[in-house]
Amino acid sequence: MKLTILGGGGFRVPLVYGALLGDRGEGRVTEVVLHDLDGGRLSAVTRVLAEQAAPVEDAPRVSATTDLDEALRGADFVFSAIRVGGLEGRAEDERVALAEGVLGQETVGAGGIAYGLRTVPVAVDIARRVARLAPDAWVINFTNPAGLVTEAMSRHLGDRVIGICDSPVGLGRRIARVLGANPNEAWIDYVGLNHLGWVRGLKIAGRDELPRLLADPDLLGSFEEGKLFGVDWLQSLGAIPNEYLHYYYFNREAVRAYQQAEKTRGAFLADQQARFYDEVGDPGVKALDVWDRTRAEREATYMSENRETAGAGERDADDLSGGYEKVALALMRAIARDERTTLILNVRNQGTLSVLDGDAVIEVPCLVDANGAHPVSVAPLPDHATGLVCSVKAVEREVLAAAESASRTTAVKAFALHPLVDSVNVARKLVEGYTSVHPGLAYLK
């Protein structure tokens with residue numbers, strides 16, 4: 001079975017390959033093709049993968065190419081983890097937004113819109129090529145903003161594109177762990193959009209244990225989200241929000257923290273990864289050791305400004321292991337082998353969440369089998385969550401419309417309607433700022 005990884009020179013590719021090395025069942029991936037526009041990054045990551053594979057008998061063979069059509073042709077699965085504009089583009093997204101006093105995070109607010117406007121045209125081109133060159137392939141999208149990009153691709157691939165994210169997985173795992181349960185045996189009632197969802201229940205042996213957690217301040221304050229949001233706020237909500245909702249519930253504090261930080265997250269990662277690729281270019285170093293060390297630093301500093309604002313302290317060691325590669329592998333196995341499982345995924349709504357239309361991509365538990373991912377019916381969201389979901393989905397639709405029409409006016413509308421921008425004048429300045437620094441937005445007229 002052939003897996004093509006788009007963004008194959010990306011730093012987190014070894015996580016995916018490491019998961020494949022541990023999969024020894026029938027119908028496993030035997031060929032991995034890495035595609036990237038940067039040949040140097042491809043060479044560096046290929047070195048890391050070779051060292052990962054060295055002790056493993058019959059490891060999936062790896063090849064690399066800068067030719068997109070060659071990479072896609074004959075693929076069974078396509079894993080998309082591209083970054084249009086690179087980390088330098090992410091740093092610019094942050095800088096332009098913060099200069100206007102609004103959030104520049106890569107998936108939330110102004111930064112997420114700018115990233116989406118750059119990425120959607122590229123993702124749509126990829127979707128069209130997949131439909132032509134590998135019509136039977138399943139596309140697993142991790143490219144951010146994941147829900148928006150998945151919806152853009154679904155207009156050309158239908159339900160054969162599925163978005164994944166590690167945030168809901170990590171959240172469910174933390175809640176189960178603090179309740180003393182096995183995460184693999186828990187049913188997580190999670191619903192929303194990508195990076196905008198809530199856990200409303202966690203059933204173990206048919207019993208919802210979330211009320212027990214919400215009623216115990218010590219237990220509730222003992223894990224990441226309790227520290228990040230505060231016990232009182234979680235009890236007020238009656239649910240556990242995805243960590244990215246910190247940018248909404250504590251927006252002013254988050255913006256101030258990012259403005260005062262020595263470096264934005266994008267700038268930090270750009271510098272860190274530049275050092276990594278330079279180091280791995282030295283034939284005398286062990287590439288896998290360099291990658292392991294860099295990854296540990298990356299994970300430990302994740303959302304550090306938010307945790308500092310909340311006084312949440314350092315991340316727990318158990319939260320530093322990532323997880324999206326495990327979701328990707330579980331998804332591929334379920335489809336390729338008809339190994340039925342339940343995963344929280346980004347899929348078309350199909351009537352699951354009544355306030356949104358059927359084509360809107362949402363993030364909910366899905367039953368997965370050989371025919372793909374099927375969203376599980378969920379209860380309606382409370383009013384405040386419904387308002388936020390509908391508002392952000394409306395913004396996503398304006399981003400898609402702007403990308404399709406190349407309309408600068410529609411791009412301004414997308415920024416202005418976002419609840420974390422909430423100003424037409426600021427929206428105009430943002431569009432002016434982003435189009436002046438991003439060649440990838442030159443199409444907006």
Side-chain angles (χ1 to χ4, degrees), residues 97 102-116 119-120 141-152 154 162-172 174-175 188-201 224-225 228-229 233-234 236-251 254-255 302-303 306 324 327 343-349 352-357 359-366 375 378-400 414-415 417-422:
V102 297
L103 188 69
Q105 205 276 335
E106 71 165 337
T107 63
V108 177
I113 294 171
Y115 190 24
T119 305
V120 164
N141 178 60
F142 188 70
T143 297
N144 276 324
L148 171 64
V149 172
T150 301
E151 186 163 331
S154 74
I162 300 168
I164 66 170
C165 181
D166 48 359
S167 288
V169 176
L171 174 56
R174 286 189 288 275
I175 295 173
I188 303 167
D189 177 10
Y190 180 96
V191 61
L193 307 179
N194 179 240
H195 290 179
L196 192 78
W198 297 261
V199 170
R200 304 177 302 175
E224 178 79 356
E225 282 70 22
L228 191 62
F229 291 99
W233 182 237
L234 295 186
S236 296
L237 289 175
I240 311 297
N242 184 296
E243 60 200 345
Y244 282 81
L245 274 153
H246 193 267
Y247 294 114
Y248 290 88
Y249 294 143
F250 298 91
N251 178 250
V255 170
Y302 178 68
M303 291 187 76
N306 300 69
Y324 84 94
V327 181
L343 298 168
I344 298 172
L345 300 167
N346 287 270
V347 295
R348 291 199 291 185
N349 183 30
T352 307
L353 198 55
S354 60
V355 294
L356 297 177
D357 63 73
D359 291 331
V361 166
I362 61 174
E363 192 168 74
V364 289
C366 297
V378 296
L381 284 163
D383 288 348
H384 91 275
T386 294
L388 198 50
V389 163
C390 290
S391 178
V392 173
K393 179 54 69 176
V395 170
E396 290 184 353
R397 289 287 171 76
E398 296 296 340
V399 172
L400 293 174
F415 282 102
L417 292 178
H418 198 286
L420 300 186
V421 176
D422 68 10

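Here the structure is a predicted model, which is why all the values come from computation and not from measurement. Only heavy atoms go into these numbers, but all of them, side chains included; no hydrogens, no water, no symmetry mates.
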Note to self: If I take atom CH2 from residue W233 and atom CG from residue L245, how far apart are they, to the nearest 0.5 angstrom?
What the structure shows: 10.5 Å

Note to self: Would L345 and V327 count as a side chain to side chain contact (heavy atoms under 4.5 Å, CB included) here? Give the steps.
What the structure shows: CA-CA 9 Å; L345 300 167; V327 181; 4.1 Å; yes

Notebook entry, point to check: Would you say the side chain of T386 lies within less than 4.5 Å of the side chain of P380, judging by non-hydrogen atoms?
Noted result: no

Check: Parallel, tilted or perpendicular: which describes the rings of H246 and F250, with under 30° parallel and over 60° perpendicular?
Finding: parallel

Next item on the list: If the plane angle is over 60° it's perpendicular, under 30° parallel, otherwise tilted; pick one for H384 and Y249.
Entry: tilted

Check: Taking only residues two or more places apart in sequence or in another chain, which ones pass salt bridge (Lys or Arg N to Asp or Glu O under 4.0 Å) with E106?
Finding: R83, R90

Next item on the list: Taking the side chain as every heavy atom from C-beta outward, state whether V102 and L420 have any pair of such atoms under 4.5 Å apart.
Entry: no

Check: Between A110 and A97, which heavy-atom pair has the shortest distance, and what is it?
Finding: CB-CB, 4.0 Å

Item checked: Residues forming a side-chain hydrogen bond (donor to acceptor under 3.5 Å, both in side chains) with D189, sequence neighbours excluded -> R200

Checklist line | Partners passing side-chain hydrogen bond (donor to acceptor under 3.5 Å, both in side chains) against E363 (at least two apart in sequence or in another chain) | finding: Y190, N194, N346

Note to self: Treating S391 as the side-chain partner and G387 as the backbone partner, does any N or O pair qualify as donor plus acceptor under 3.5 Å?
What the structure shows: no

Next item on the list: Kindly give the heavy-atom pair with the smallest separation between V364 and P375, and that separation in Å.
Entry: CG2-CB, 3.8 Å

Next item on the list: State the CG-NZ distance between L193 and K393, to the nearest 0.5 angstrom.
Entry: 5.5 Å

Next item on the list: With the side chain counted from C-beta on, respond yes when C165 and H195 share a heavy-atom pair under 4.5 Å apart, and no when they do not.
Entry: yes

Check: Can you name the ring pair (Phe, Tyr, Trp, His ring centres under 6.0 Å) partners of F415, sequence neighbours left out?
Finding: Y434

Notebook entry, point to check: Heavy-atom distance under 4.5 Å between the side chains of V389 and L356, does that happen here?
Noted result: yes

Next item on the list: With side chain to side chain contact (heavy atoms under 4.5 Å, CB included) as the test, would you mind laying out the steps for V108 and Y248 before giving the verdict?
Entry: CA-CA 9 Å; V108 177; Y248 290 88; 3.7 Å; yes

Notebook entry, point to check: Got a second to check how far I164's CD1 is from I344's CD1, nearest 0.5 Å?
Noted result: 12.5 Å

Margin query: Tell me the closest heavy-atom pair linking E243 and F229, and the distance in Å.
Written below: O-CZ, 3.9 Å

Next item on the list: To the nearest 0.5 Å, tell me how far W198 CH2 sits from N242 CG.
Entry: 9.0 Å

Next item on the list: Not counting sequence neighbours, which residues clear side-chain hydrogen bond (donor to acceptor under 3.5 Å, both in side chains) with N144? List them please.
Entry: none

Margin query: Using side chain to side chain contact (heavy atoms under 4.5 Å, CB included), reason through V169 and Y324 one step at a time and then give a plain yes or no.
Written below: CA-CA 8 Å; V169 176; Y324 84 94; over 6 Å; no

Check: What's the shortest heavy-atom distance between I188 and P365, and which atoms?
Finding: O-CG, 3.4 Å

Checklist line | Validation row: H418, E398 side chains within 4.5 angstrom (heavy atoms) | finding: no

Margin query: Less than 4.5 Å apart, side chain to side chain, heavy atoms only: is that true for L148 and Y115?
Written below: no

Checklist line | Which atom of P419 lies closest to which atom of L388, heavy atoms considered | finding: CG-CD1, 4.2 Å

Notebook entry, point to check: Please walk me through it: do I362 and V191 pass side chain to side chain contact (heavy atoms under 4.5 Å, CB included)?
Noted result: CA-CA 8 Å; I362 61 174; V191 61; 5.6 Å; no

Notebook entry, point to check: In Å, rounded to the nearest 0.5 Å, how long is the span from CD1 of I162 to OG of S154?
Noted result: 11.5 Å

Item checked: Heavy-atom donor-acceptor pair, T352 side chain to N349 backbone, under 3.5 Å -> yes

Next item on the list: Please list, chain by chain and in numerical order, all residues satisfying salt bridge (Lys or Arg N to Asp or Glu O under 4.0 Å) with D357, sequence neighbours excluded.
Entry: R397

Checklist line | Distance-minimising heavy-atom pair for C366 and V347 | finding: SG-CG2, 3.6 Å

